[in-house]
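Everything numeric in this text was worked out from a predicted model, so none of it was measured.
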Amino acid sequence: MTDSGSLGARSGAHRLLRAAAATVLALHGLIHLLGVALLWRWGQPGELGYEDVSPAAGSLPGMIMGGVWLVATLLFLLTAVLLVARRTAWRPVGLLAALVSIAVLLPSASIALAGLAVDAAVLLAVGVAVAAAHRRPMRSGTGGPR
């Protein structure tokens, strides 16, 4: 395989990995809508019930917490879009999304282990991406890493 063929294969693999990661981010964000529905008393999705959440569903604190769950949804969706668009802004937005998500999932950690695992993976990915960006050589005339 030639160097350009190898580069093309890597580029295709990176594109596929980026799309897969963006899909996981978007799905994780959409799953946060279950918390919104529950805390805003729009319904009891799946096996989740109003008694499973704290603060109490429908209460003022519950409505506020539901809003925080909605913020997590929006941040993960934005992270997915930025990642697919190859914008480096996905890193701080993804970091914030994971931190907000962890904050809302920790009180229900026993039933939210998969979500917390996704959040940990996002934190790891952001850390790796930031470290990789600092290792890349500077491009002349751009004032920053590529």
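- By the criterion of side-chain heavy atoms lying less than 4.5 angstrom apart, applied directly or through intervening Ile, Leu, Val, Met, Phe, Trp or Tyr residues, Leu99 is grouped together with Leu82 in one hydrophobic cluster.
- The other members of the hydrophobic cluster of Leu124, by chain and number, are Val128 (side-chain heavy atoms under 4.5 Å, ILVMFWY only).
- The list of side-chain hydrogen bond (donor to acceptor under 3.5 Å, both in side chains) pairs with a residue in residues 60-71, not counting sequence neighbours, is empty.
- Remark: Trp90 CH2 to Leu83 CG distance equals 6.0 Å, nearest 0.5 Å.
- Distance alone, capped at 3.5 Å, places no donor-acceptor pair between the Ser101 side chain and the Asp119 backbone.
- Pairs engaging residues 53-62 under the side-chain hydrogen bond (donor to acceptor under 3.5 Å, both in side chains) rule: none recorded [sequence neighbours left out].
- The aromatic rings of Phe76 and His32 lie parallel to each other, with less than 30° between the two planes, well short of the 60° mark.
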Expected list for residues 103-118: side-chain donor-acceptor pairs under 3.5 angstrom, two or more places apart:
none

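- With contacts defined as side-chain heavy-atom distances shorter than 4.5 Å, the pair Val81/Leu77 does not qualify.
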Enumerate donor-acceptor pairs with a distance under 3.5 Å from any side-chain N or O in residues 33-47 to protein atoms, sequence neighbours excluded.
unit_1, atom_1, unit_2, atom_2, d
Trp40, NE1, Met63, O, 2.7
Gln44, OE1, Tyr50, N, 3.0

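- Closest of all the heavy-atom pairs between Leu75 and Leu96 is CD1-CG, 3.8 Å.
- Applying the side-chain contact (heavy atoms from CB on, under 4.5 Å) test to Val130 and every residue at least two apart in sequence or in another chain returns Arg91, Val126, His134.
- Closest approach of Gly94 and Val122 over heavy atoms only: O-CG1, 3.5 Å.
- The OG1 atom of Thr23 lies 6.5 Å from the CG atom of Leu27; values are rounded to the nearest 0.5 Å.
- Across Ala22 and Ala80, no two heavy atoms sit closer than the pair O-CB, 3.4 Å.
- What you find for Pro92 and Thr88 is that their closest heavy atoms are CD-O, 3.6 Å.
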